[in-house]
Amino acid sequence: MKPPITGKCQCGNIQYEISQPFLKQIVCHCSECQKLSATSFSISAIIPQDAFKLVKGELASYSRVADSGLNNNCYFCANCGNRIYHQNPDKPEIVRLKPGTLDDTSIINPTMHVWLQSKQDWVVIPEGVETHDTQPVL
């Protein structure tokens, strides 16, 4: 994975660049991520805030309290609704990018699965990845 890494929303109104490799790639199986993705989990690529640069468009936002009890600000395209990243306002130095928005999704390689207590029974976790029943401290 060689920066800059680029991505965009479905309609192309939002475009971004990432200047550093991911710190972690996490699959979340919580009930809210299942709703977000309309499937069994959601993936986040953890990056420092200063590594993210919006190069086109303006993000809309939505705030909610996550299953962990932490605040979660969600940033997305107001036109197509595609989520771009999430951020805990108490930890603004970290961005949880939604890597399905990357131009090259072949670099997605999750190393951690969280909220396994909510995991769908048919989902198989690969051997050797870090797992947590709920939300670990990141």
Side-chain angles (χ1 to χ4, degrees):
M1 173 171 39
K2 185 177 178 183
I5 302 161
T6 59
K8 61 183 165 291
C9 66
Q10 287 179 297
C11 71
N13 283 353
I14 303 294
Q15 295 179 13
Y16 64 85
E17 289 182 353
I18 301 169
S19 61
Q20 297 177 32
F22 305 137
L23 302 173
K24 289 183 187 274
Q25 294 183 52
I26 302 170
V27 176
C28 182
H29 299 269
C30 78
S31 59
E32 289 299 317
C33 281
Q34 290 180 37
K35 288 176 186 175
L36 161 69
S37 65
T39 186
S40 57
F41 55 79
S42 180
I43 303 173
S44 293
I46 310 303
I47 59 172
Q49 169 64 47
D50 62 2
F52 180 87
K53 178 182 176 188
L54 190 62
V55 295
K56 180 183 174 193
E58 186 174 324
L59 293 166
S61 66
Y62 162 72
S63 296
R64 67 174 180 84
V65 177
D67 286 351
S68 64
L70 299 173
N71 291 317
N72 193 21
N73 292 341
C74 310
Y75 296 91
F76 58 95
C77 174
N79 186 58
C80 68
N82 206 181
R83 296 265 177 115
I84 303 298
Y85 70 88
H86 294 176
Q87 192 172 41
N88 177 341
D90 296 329
K91 291 189 175 186
E93 68 277 9
I94 299 294
V95 165
R96 297 184 321 270
L97 180 79
K98 306 316 290 177
T101 63
L102 293 169
D103 291 331
D104 178 7
T105 57
S106 71
I107 62 175
I108 300 171
N109 184 26
T111 55
M112 182 188 299
H113 285 249
V114 300
W115 285 96
L116 294 184
Q117 71 181 20
S118 305
K119 178 182 81 60
Q120 297 297 316
D121 291 339
W122 57 267
V123 174
V124 178
I125 306 297
E127 288 187 36
V129 298
E130 185 178 343
T131 61
H132 298 274
D133 284 339
T134 59
Q135 181 70 37
V137 177
L138 298 175

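Every value quoted in this text rests on a predicted model; they were computed, and no experiment measured them. Every heavy atom of this structure was used, including side-chain atoms; hydrogens, water molecules and symmetry mates were not.
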Using every non-hydrogen atom in the two residues, find where I108 and G100 come nearest and quote the distance to one decimal. CD1-N, 4.2 Å
Between P92 and D90, the two heavy atoms sitting closest are CD-C, 3.4 Å
To the nearest 0.5 angstrom, please state how far the CD atom of E17 sits from the NZ atom of K56. 13.5 Å
Take a 6.0 Å sphere around CD of E93 and say whether it holds more than 12 heavy atoms from other residues, nucleotides or ligands. yes
Testing the basics here: between T134 and V114, what is the closest heavy-atom pair and its distance to 0.1 Å? O-CB, 3.7 Å
Decide whether L59 and Y62 are clustered together by the hydrophobic rule: side chain heavy atoms of Ile, Leu, Val, Met, Phe, Trp, Tyr closer than 4.5 Å, transitively. no
Rounded to the nearest 0.5 Å, what separation is found between the NE2 atom of H132 and the CD1 atom of I26? 8.0 Å
Taking all heavy atoms of C28 and all of W115, pick out the closest pair and write down the distance. SG-CD1, 3.7 Å
Check the hydrophobic clustering (I, L, V, M, F, W, Y; side-chain heavy atoms under 4.5 Å; chains of links allowed) and say if V55 and I18 are grouped together. no
Can you list, pair by pair, the side-chain donor-acceptor contacts under 3.5 Å of residues 72-83, counting residues two or more places apart and other chains?
| residue | atom | partner | partner atom | Å |
| --- | --- | --- | --- | --- |
| N72 | OD1 | R96 | NH2 | 2.5 |
| N73 | OD1 | S63 | OG | 2.7 |
| N82 | OD1 | Q10 | N | 3.0 |
| R83 | NH1 | H86 | NE2 | 3.0 |

Answer yes or no: is there a side-chain heavy-atom contact under 4.5 Å between V95 and Y16? no
Please list, chain by chain and in numerical order, all residues satisfying salt bridge (charged side-chain N to carboxylate O under 4.0 Å, His left out) with D133, sequence neighbours excluded. none
Can you check whether T101 reaches Y85 side chain to side chain, under 4.5 Å on heavy atoms? no
Side chains of K98 and S44: do they bring a donor and an acceptor to under 3.5 Å? yes
Side chains of F22 and I107: does their closest heavy-atom pair fall under 4.5 Å? yes
Kindly write out the residues that satisfy ring-ring contact (aromatic ring centres under 6.0 Å, His included) with H29, not counting sequence neighbours, or none if the list is empty. F41, H113
Please walk me through it: do I5 and L102 pass side-chain contact (heavy atoms from CB on, under 4.5 Å)? CA-CA 8 Å; I5 302 161; L102 293 169; 3.6 Å; yes
Side chains of N88 and I94 in contact at under 4.5 Å (non-hydrogen atoms): no
From Q15 CD over to I84 CD1, what is the distance, rounded to the nearest 0.5 angstrom? 10.0 Å
Interatomic distance, S37 atom OG to I43 atom CD1 [nearest 0.5 angstrom]: 9.0 Å
Where do E130 and T111 land on the side-chain contact (heavy atoms from CB on, under 4.5 Å) test, with the steps shown first? CA-CA 6 Å; E130 185 178 343; T111 55; over 6 Å; no
Evaluate the side-chain proximity of P4 to K53: yes if any heavy-atom separation is below 4.5 Å, no if none is. no
List the atom of Q34, the atom of S40, and the distance in Å for their closest heavy-atom pair. CG-O, 3.3 Å
So, does Q25 use its side chain to make a donor-acceptor pair with the main chain of P99 at under 3.5 Å? no
